[in-house]
A.B. asks: 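Quick one: structure below, then a few questions.
Heavy-atom basis, side chains included; hydrogens, waters and symmetry copies ignored.
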Amino acid sequence: MYDRRVVRGNTYARHIIPTRAQSDPAEAARQQAIRKRAIAQKHAREQLRPKTPEAVQGRKHIDVQTDIYLEELSNVIEATDTECQTDALLDRPATPLFIPAKSGKDAETQIEEGELFDFDMEVQPVLEVLVGKTIEQSLLEVMEEEELACLRAQQRAFEELRNNELAEVQRLQEQERRRAEEKERRIAQQKDVLQKEKETVEKIAARAFTQQYLADLLPTVLTSLRSHGYFYDPVEKDIEINFFPWLMDEVHKCMEKRYTARAVLDTIIHEVTQKRLEAFKELESQPDS
């Protein structure tokens, strides 16, 4: 038997309710609606509950103890003073320097002057190297300065040539731009002239066509208006509008009456015929009996 209130296994694991133990969605929705209604009622009761009015300006509310057993409230903290005296101590002396202990044996020898190093003789190769390196470095620097001067001269000449070429290119570009603008302006002027000529020709053709068309327009318009009924005889119009509809209504009424009379007469004839047929059938059946 399974009871979800009894936890089996590790209590730190998540307790999952089986699918068969879960409630249906309708029940869950109903429980949620009940909880929302209870929360709303609680919130309404809290709003309707009388509250302490706000403090006036210059005052504030404080908490007051209203219990049965009163307790004295005090901000004074009880404290006592205690003193003690320590013995006077001397300053710590300076730490002595560390001197490692001597090890090994001492030995000595005597070297006379000129036995190990002769300055005048040993300094000559060093001086030769220094002087040679100095002269070589000086020559290199002079050659580098001359080469830099040549490069600067070539650069100045190249910059002058480039500036001249740039000026010539700019002049040619400006000349080409002016030519292109002049060409576009001439083309635009020619297009305007052709457009004006075309408009003039169209206006002349339209004027001629209009004059030719308007020559027969007035008779055609009058004929068309007359054919469409804009020009009419009042008597004829009154007959067409008032008399003909009344006449047609009267004819329809007369025809309906005639059709009704014919239908009634056909019904009477049919009934009389049926009765005569039934009477003949009865007469034919009597001699046989």
Side-chain angles (χ1 to χ4, degrees), residues 1-89 92 184 188 195 221 224-225 227-230 232 234 237-271 274-275 278:
M1 181 178 179
Y2 175 77
D3 189 359
R4 63 177 182 176
R5 295 175 296 179
V6 179
V7 179
R8 295 179 176 82
N10 188 4
T11 57
Y12 293 99
R14 182 180 179 184
H15 183 56
I16 302 175
I17 301 175
T19 307
R20 60 177 180 273
Q22 294 180 358
S23 58
D24 55 340
E27 183 66 19
R30 190 176 65 82
Q31 294 292 337
Q32 187 176 3
I34 292 173
R35 286 196 296 269
K36 288 183 179 179
R37 195 179 301 110
I39 293 172
Q41 291 178 359
K42 182 179 179 181
H43 185 65
R45 286 197 300 269
E46 289 180 356
Q47 290 182 351
L48 294 175
R49 183 182 301 170
K51 299 180 180 180
T52 304
E54 297 293 335
V56 298
Q57 186 177 4
R59 297 184 180 181
K60 63 179 181 179
H61 295 310
I62 59 173
D63 296 333
V64 180
Q65 184 176 1
T66 58
D67 297 339
I68 300 176
Y69 302 99
L70 300 178
E71 180 181 354
E72 183 181 0
L73 301 177
S74 176
N75 294 330
V76 180
I77 301 175
E78 296 181 0
T80 57
D81 297 334
T82 305
E83 299 178 354
C84 64
Q85 181 65 38
T86 58
D87 296 336
L89 299 177
R92 179 182 176 183
E184 291 178 358
Q195 184 68 24
V221 170
S224 177
L225 292 175
S227 63
H228 285 83
Y230 290 98
Y232 56 87
K237 190 72 173 179
D238 185 40
I239 292 172
E240 291 178 355
I241 295 175
N242 298 325
F243 179 71
F244 279 166
W246 173 80
L247 181 61
M248 293 301 295
D249 291 338
E250 293 296 329
V251 170
H252 282 300
K253 291 179 181 179
C254 183
M255 294 298 294
E256 288 179 356
K257 291 179 180 180
R258 183 176 296 180
Y259 290 152
T260 305
R262 286 182 180 181
V264 172
L265 182 61
D266 291 340
T267 305
I268 295 171
I269 293 171
H270 180 72
E271 291 179 355
Q274 290 293 332
K275 290 180 179 180
E278 291 176 358

A.B. asks: Under 6.0 Å from the CD atom of E54, do we count more than 12 heavy atoms belonging to anything else shown?
C.D. replies: no
A.B. asks: Keeping to residues at least two apart or across chains, list the side chain to side chain donor-acceptor pair (under 3.5 Å) pairs with something in residues 256-271.
C.D. replies: none
A.B. asks: Could you work out, with side chain to side chain donor-acceptor pair (under 3.5 Å) as the rule, every residue matching H252, not counting sequence neighbours?
C.D. replies: none
A.B. asks: Do the charged groups of E278 and K275 touch, with an N to O distance under 4.0 Å?
C.D. replies: no
A.B. asks: Once side chain to side chain contact (heavy atoms under 4.5 Å, CB included) is applied, do any residues pair with K42, and if so which ones, sequence neighbours excluded?
C.D. replies: R45, E46
A.B. asks: For the atom pair CZ (R35) and CZ (R30), what is the distance rounded to the nearest 0.5 Å?
C.D. replies: 10.5 Å
